[in-house]
Amino acid sequence: MSTTAIGNIGSLVTNDPESGEGPLGLIENAAVVVEDDRIAWVGPTAQAPPADTAFDAQGRALIPGFVDSHSHLVFAGDRTAEFNARMSGRSYSAGGIRTTVAATRAASDAELEANLVARHLDEARRQGTTTFETKSGYGLTVADEARALRIAAAHTEEVTYLGAHIVSPDYAEDPAGYVDLVTGEMLAACAPYARWVDVFCEKGAFDGDQARAILTAGAAAGLIPRVHANQLSYGPGVQLAVELGAASADHCTHLTDADVDALAQAADTTVATLLPGAEFSTRAQWPDARRLLDAGATVALSTDCNPGSSYTSSMPFCIALAVRDMGMTPDEAVWAATAGGARALRRTDIGVLAPGARADLALLDAPSHVHLAYRPGVPLVSAVWQRGVRAA
Ligand code: NIG
Ligand code: FE
């Protein structure tokens, strides 16, 4: 057993209203004691118990590490040309996914793993992300989907089967046949590596009936549903997510009042996960976080990091966008990027700094978490601990 006391924290976000002020459980002049991989104590510096080693936070802010509950990181290649065309006026569609499918199928396991770990995870960690979820969806064959999940599962417990990203180009003339594959042989090969099942419920991807069949089959195989819902247009995704008790409805860009009501009613079950990197990178309208929060929905923020619609791994960037353009306060956005992500992953051991929680921490080179929105684009994360170990 070894203990470290991080003291002289100017402002500590615990996300535990029992231990500090407001929903963020803020404590000023705080200390955190870490014992091995867990939080052992939080409170005022003056009352901190003794520890083996000391770390002086020098008045800076400490927050829970970010929980990025939605990303697509097992892929090869990039889509620079598509982005360039979009910034010259072309619109985004699901069809671009096929470019990444071709590159991913052609890549070796080692290339996919290096792209995931050495590149994107490393990049995310340096920006304060300590937990990430990631999906398959760029293989779309039994073997390619299963290998994507196997590679992901070596690096996170939050692995999502997204064989239903788009209809595989191999089944262009037989979408029903592809749904049979996704709910049959592919699911059987993928379920052992995954915790979650997801479907892109959208025009050009899967309609409501197909999505229901895929999520129901996934649930029968022991996977918990989450849904890419209402991203590019109005549609049945959000209602389906709520009806099936999905952990999360992701994107939520085009919502009717009935969709917002459904998410508010399901606030304890189904989180509305907003992905502003996607609206930024596709020049789309922003999801209305204010409307969801005012209705009583639970909101998470995540990067959606993927080579097509949102090629950012930066949770601070998403926080800044959500505050500037989606009506969130800095407090709400920081909660959504930490505790909100944990809720979307149905986890109680992360996104919170309380005794017993995982010692996943991000130290900011700033006196307050508000600076994450106040100083957009500035690399404020100056130290990261994952399970009590200094990771960046
Ligand atoms: O979440 N919406 C579907 N999937 C991704 C985009 C994937 C891609 O364009 O490669 C998303 O935005
Ligand atoms: Fe996505």
Side-chain angles (χ1 to χ4, degrees), residues 68-87 90-105 107 112 115-116 120 132-140 144-145 148 152 158-169 196-207 210-211 214 225-233 235 237-238 241 246-254 271-287 300-313 315 318 321 341 344-345:
D68 190 350
S69 61
H70 182 140
S71 78
H72 305 246
L73 294 178
V74 188
F75 68 89
D78 76 14
R79 310 232 295 268
T80 313
E82 181 188 317
F83 178 76
N84 246 332
R86 207 155 60 230
M87 295 305 113
R90 185 148 341 139
S91 64
Y92 175 78
S93 82
I97 292 170
R98 281 193 281 272
T99 309
T100 303
V101 169
T104 303
R105 287 179 179 177
L112 291 180
N115 205 33
L116 169 69
H120 297 106
F132 74 100
E133 174 273 5
T134 204
K135 305 170 199 301
S136 64
Y138 291 123
L140 310 185
D144 286 304
E145 286 295 295
E158 304 302 345
V159 174
T160 302
Y161 168 48
L162 181 61
H165 201 181
I166 51 166
V167 172
S168 164
W196 310 98
V197 57
D198 194 348
V199 55
F200 186 15
C201 184
E202 186 61 64
K203 295 184 181 81
F206 297 89
D207 68 20
Q210 293 169 323
I214 290 157
R226 39 202 325 110
V227 186
H228 277 75
N230 304 52
Q231 175 187 5
L232 306 176
S233 56
V238 161
S248 179
D250 299 52
H251 286 286
C252 294
T253 310
H254 294 85
V271 173
T273 299
L274 309 183
L275 309 166
E279 281 73 34
F280 179 91
S281 298
T282 60
R283 281 199 184 137
Q285 81 173 59
W286 300 105
L301 285 172
S302 174
T303 64
D304 194 18
C305 188
N306 77 77
S309 66
S310 183
Y311 201 9
T312 179
S313 55
M315 292 294 279
C318 294
L321 294 179
L345 295 174

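For ligands, and for the atoms within them, numbers begin at 1 and follow the listed sequence.
Under the 4.5 Å side-chain criterion, counting only non-hydrogen atoms from C-beta, His228 is in contact with Leu162. Counting heavy atoms from C-beta outward, Arg226 and Glu133 have side chains that approach closer than 4.5 Å. Between Thr303 and Phe132 the shortest side-chain heavy-atom distance does not fall below 4.5 Å. Counting only heavy atoms from C-beta outward, the side chains of His120 and Phe75 approach each other to under 4.5 Å.
Qualifying side-chain hydrogen bond (donor to acceptor under 3.5 Å, both in side chains) partners for Glu202, counting only residues two or more places apart in sequence or in other chains: Ser233. Arg283 meets the side-chain hydrogen bond (donor to acceptor under 3.5 Å, both in side chains) test with no other residue; sequence neighbours excluded.
Taking distances strictly below 2.8 Å, the protein N/O/S atoms close to the Fe ion (ligand 2) are His70 NE2, His72 NE2, His228 NE2, Asp304 OD1.
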**Request:** Begin from the C-alpha positions of Thr273 and Ser302 and carry the test side-chain hydrogen bond (donor to acceptor under 3.5 Å, both in side chains) through to its verdict.
**Result:** CA-CA 7 Å; Thr273 299; Ser302 174; over 6 Å; no
Quick check for students: name every N or O atom pair between ligand 1 and the protein closer than 3.5 Å, with distances.
from	atom 1	to	atom 2	distance (Å)
ligand 1	1 (O)	His72	NE2	3.3
ligand 1	1 (O)	His228	NE2	3.0
ligand 1	1 (O)	His251	NE2	3.0
ligand 1	1 (O)	Asp304	OD1	2.9
ligand 1	1 (O)	Asp304	OD2	2.9
ligand 1	2 (N)	Gln231	OE1	2.6
ligand 1	4 (N)	His165	NE2	2.8
ligand 1	9 (O)	Arg79	NH2	2.8
ligand 1	9 (O)	Tyr92	OH	2.4
ligand 1	10 (O)	Arg79	NH1	2.8
ligand 1	10 (O)	Arg79	NH2	3.3
ligand 1	10 (O)	Tyr138	OH	2.6
ligand 1	12 (O)	Gln231	NE2	3.4
ligand 1	12 (O)	Asp304	OD2	2.8
ligand 1	12 (O)	Ser309	OG	2.5

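With hydrogens and angles left out, the side-chain atoms of Glu82 and Thr99 include no donor and acceptor closer than 3.5 Å. Side-chain N/O atoms of His72 and Asp304 include a donor and acceptor closer than 3.5 Å.
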